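These numbers come from a predicted model, not from an experiment. Counting begins at 1 with the first residue of the sequence.
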Amino acid sequence: MSNRVEDIPIRDSMIRLGQLLKLANLVEDGVEAADLIKNGLVKVNGEIDDRRGRQLHNGDTVTVNGQTVRVVAPQAG
């Protein structure tokens, strides 16, 4: 098992948890994302989060099934 964190670039300053799971290919679709989140299998910044609409910002990490990804938002300028 690797503890490598994969950076996932996003277009805007924020992305919702369900959208990130799909973007990062951690789930097949929104239904799978909703099930994982509802069942407490998704951690945001190391803590279980059951809100699919949770807003994620630059530097936030999401872990599912031992895979961790980090949100990389464009720098405000």
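- Remark: K38 NZ to D50 CG distance equals 11.0 Å, nearest 0.5 Å.
- Side chain of N45 to backbone of T61: a donor-acceptor contact under 3.5 angstrom is found.
- Listed here is the closest heavy atom pair of G18 and A33: O-CB, 4.3 Å.
- Looking at N39, its side chain never comes within 3.5 Å of a backbone N or O of L41 through a donor-acceptor pair.
- Of the possible donor and acceptor atoms, none in the side chain of D12 sits under 3.5 Å from a partner among the backbone N and O of M14.
- In R52, the CZ atom is not crowded: 12 or fewer heavy atoms of neighbouring residues, nucleotides or ligands sit closer than 6.0 Å.
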message = Using side-chain contact (heavy atoms from CB on, under 4.5 Å), reason through R51 and L17 one step at a time and then give a plain yes or no.
response = CA-CA 8 Å; R51 299 171 293 168; L17 180 54; over 6 Å; no

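- The backbone N or O of E28 lies less than 3.5 Å from a partner atom in the side chain of E32, making a donor-acceptor pair.
- In this structure, the separation between CG on D29 and CG on D35 is 9.0 Å, given to the nearest 0.5 Å.
- Residues V42 and I48 form no side-chain contact, since every pair of their non-hydrogen atoms from C-beta on lies 4.5 Å or further apart.
- Separation of atoms CG (D60) and CG (L20) is listed at 9.5 Å; rounding is to 0.5 Å.
- Residues L21 and V64 are in side-chain contact: their nearest non-hydrogen atoms beyond the backbone lie under 4.5 Å apart.
- With hydrogens and angles ignored, the 3.5 Å screen pairs a side-chain donor or acceptor of Q19 with a backbone N or O of R16.
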task = Verify side-chain contact (heavy atoms from CB on, under 4.5 Å) between L26 and N65, making sure each step is shown before the conclusion.
result = CA-CA 9 Å; L26 294 173; N65 296 326; over 6 Å; no

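- When side chains are defined from C-beta on, I37 does not count as touching D49, because their heavy atoms never get closer than 4.5 Å.
- V44 places a side-chain heavy atom less than 4.5 Å from the side chain of R54.
- Checking each of I15, N25, V69, V72 against I8 for a side-chain contact (heavy atoms from CB on, under 4.5 Å) leaves exactly one that passes, namely V69.
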